[in-house]
Amino acid sequence: MAIEFGYTISKPRAIDIDRNNLRKSDEILREMPELQTCIGCGSCTAVCTAGNLTSFNFRRVHTLVRRGEYRGAYEEMNKCMLCGKCRLVCPRGINTRGVVLLLKRKLGDF
Amino acid sequence: MKKVIVIGGGAAGMQAALRLRARGVEPLVVERETETGGKLRGWHVLFPSFTPAGELLSELRRRVRESGIEVLTGATVTAIAPRRVTLSDGRCLACDAVVLATGFTLFDARIKEEYGYGIYDNVVTSADLERMFAQGRVAKADGTAPRRIAFLHCVGSRDEKVCQQHCSRVCCITGVKQAMELRRMFPAADVFNFYMDMRMFGPGYEELYREAQQRCNIHFVRGRISEASPTIDGRLQIKAEDTLTGRPLRMSVDMLVLLVGMRANDDNAALAASAGLARSASGFMAPRDLFLGRVSAPVEGIFYAGTVTAPKTLGETLDEATAAADAAAEYLKA
Ligand code: SF4
Ligand code: SF4
Ligand code: SF4
């Protein structure tokens, strides 16, 4: 039985670039360099079918992935219905639906 | 022939003098330093085209020389009036009008102590980096190549804490340009730009930003670095919020580049007082009208060219110098 000390230790919330392994994200960005042109406008999230019904935030998840934060990204991407509306609105012309598929292909292990 | 004193021998002053001469007026350029060129002397290549700054500088100087324009160097102006300019050595120069083209002052990065400029190694300003580019050698203090570099936008701009509320306009695009140059120099290095807003207002700027993102793999993180501190292995630890993910972010870097802003010259206050001119909240000279009198002072016979009224790009500065000279020439005709 675990001993109860009367407090818990919170996991640090900070993104630590020194500790994160950026190899995976480099690999993703090499396959789709256009993802780096994201200007964080949030149009993709604004139109997102899944995002309007669940806590799914496509912009936030792919930004986290670019910082080497992969945990949970695959599961999040499973919420996407691949409707493709995000791709219609992205002002940078990013194939956002393609990003969803790429993240699912690359991040299954995380 | 009517005579106009142009105060300041930088890009604005030289261009204004050239235009005055072309309009049949006799200009006299009064420059504080021992040579003309102003801030252009410290720059290596210019955004967004990567044109060598030296090309523009030598072309302007050549034209000034060939037009036989008189240049008085090493002369500091302490007071102005439409028909008289007073120097610090007590001399009074008579004229028929004055063009004020005294430019700006670079923000002193030491004032933002939390970034450690002048305290830790490998914290440099955009102006320092430009000098390093010009010398053809960028390296850490120990002579090695940096592997991770961070740029911080808005140092000494948009910051109540240092009494500089304005945006300096040119530092965003300078940060993009310099980040690209560093990536070219150190292909294995990671470059991060920490920005508050990306202000890509000029022709070709947004295109360059996009190229920096897509082709040069520069990481743009929205958030202001709060502080830098040295690590035990001689690197710099920086902290910020990655505001687009809502999470604190930290990392160590080998070099921190501070994109220092443009601030108003300290002597604007004395010059304004001497001629009864107004200044804007951030200390730059206030033009007569923001639409129809952009190059004129509220006092007849005094004109403004370039960054003495607000931060501007070189292109805007050169255009404005032409406009100021034209306005002065028209004024003298009347
Ligand atoms: S494709 Fe997926 S991420 Fe894009 S709008 Fe549709 S559900 Fe949202
Ligand atoms: S719409 Fe495009 S540019 Fe805007 S946040 Fe989404 S991916 Fe980025
Ligand atoms: S141009 Fe960019 S870096 Fe410079 S003050 Fe304005 S927002 Fe900040």
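Worth knowing before you read on, the calculation uses all heavy atoms, side chains too, and leaves out hydrogens, waters and symmetry mates. Per chain, numbering begins at 1; letters A, B, ... match sequence-line order.
In this structure, no portion of Arg215(B) lies under 4.5 Å from any heavy atom of chain A. For Phe192(B), the part sitting under 4.5 Å from any heavy atom of chain A is the side chain, from C-beta outward, and nothing else. When heavy atoms are compared at a cutoff of 4.5 Å, Arg92(A) approaches chain B by way of both its backbone and its side chain.
Distance alone, capped at 3.5 Å, places no donor-acceptor pair between the Asp18(A) side chain and the Met251(B) backbone. No donor-acceptor distance shorter than 3.5 angstrom exists from the side chain of Arg250(B) to the backbone of Ile17(A), with no hydrogens or angles considered.
In this structure, Glu113(B) places its CD atom where only 12 or fewer heavy-atom neighbours from other residues, nucleotides or ligands lie under 6.0 Å away. Within a 6.0 Å sphere centred on CZ of Arg137(B), other residues, nucleotides and ligands contribute 12 heavy atoms or fewer. Within a 6.0 Å sphere centred on CZ of Arg110(B), heavy atoms belonging to other residues, nucleotides or ligands number 12 at most.
For the pair Phe220(B)/Ile39(A), no side-chain contact is recorded, criterion being any heavy-atom separation below 4.5 Å from C-beta on. Counting heavy atoms from C-beta outward, Gln36(A) and Asn217(B) have side chains that approach closer than 4.5 Å. Residues Val221(B) and Arg67(A) have side chains in contact (heavy-atom distance under 4.5 Å, counting atoms from C-beta outward). Put simply, the side chain of Glu34(A) does not reach to within 4.5 Å of the side chain of Gln213(B), judged on heavy atoms.
The choice from Glu241(B), Gln214(B), His219(B) that makes the most heavy-atom pairs within less than 4.5 Å of chain A is Gln214(B). Residue with the most contacts toward chain A among Gly246(B), Pro248(B), Ser252(B): Pro248(B) (heavy-atom pairs, distance under 4.5 Å). Comparing Gln237(B), Arg148(B), Glu211(B) by heavy-atom pairs within less than 4.5 Å of chain A, the highest count is held by Arg148(B).
Put simply, OG1 on Thr245(B) and CZ on Arg13(A) are 8.0 Å apart, with the number rounded to the nearest 0.5 Å. In this structure, CD1 on Ile15(A) lies 4.5 Å from CG on Asp242(B), to the nearest 0.5 angstrom.
Using a cut-off of 4.0 Å between Lys/Arg side-chain N and Asp/Glu carboxylate O, Lys239(B) and Asp16(A) are scored as not salt-bridged.
Here the shortest heavy-atom pairing between Leu244(B) and Arg59(A) reads O-NH1, 2.6 Å.
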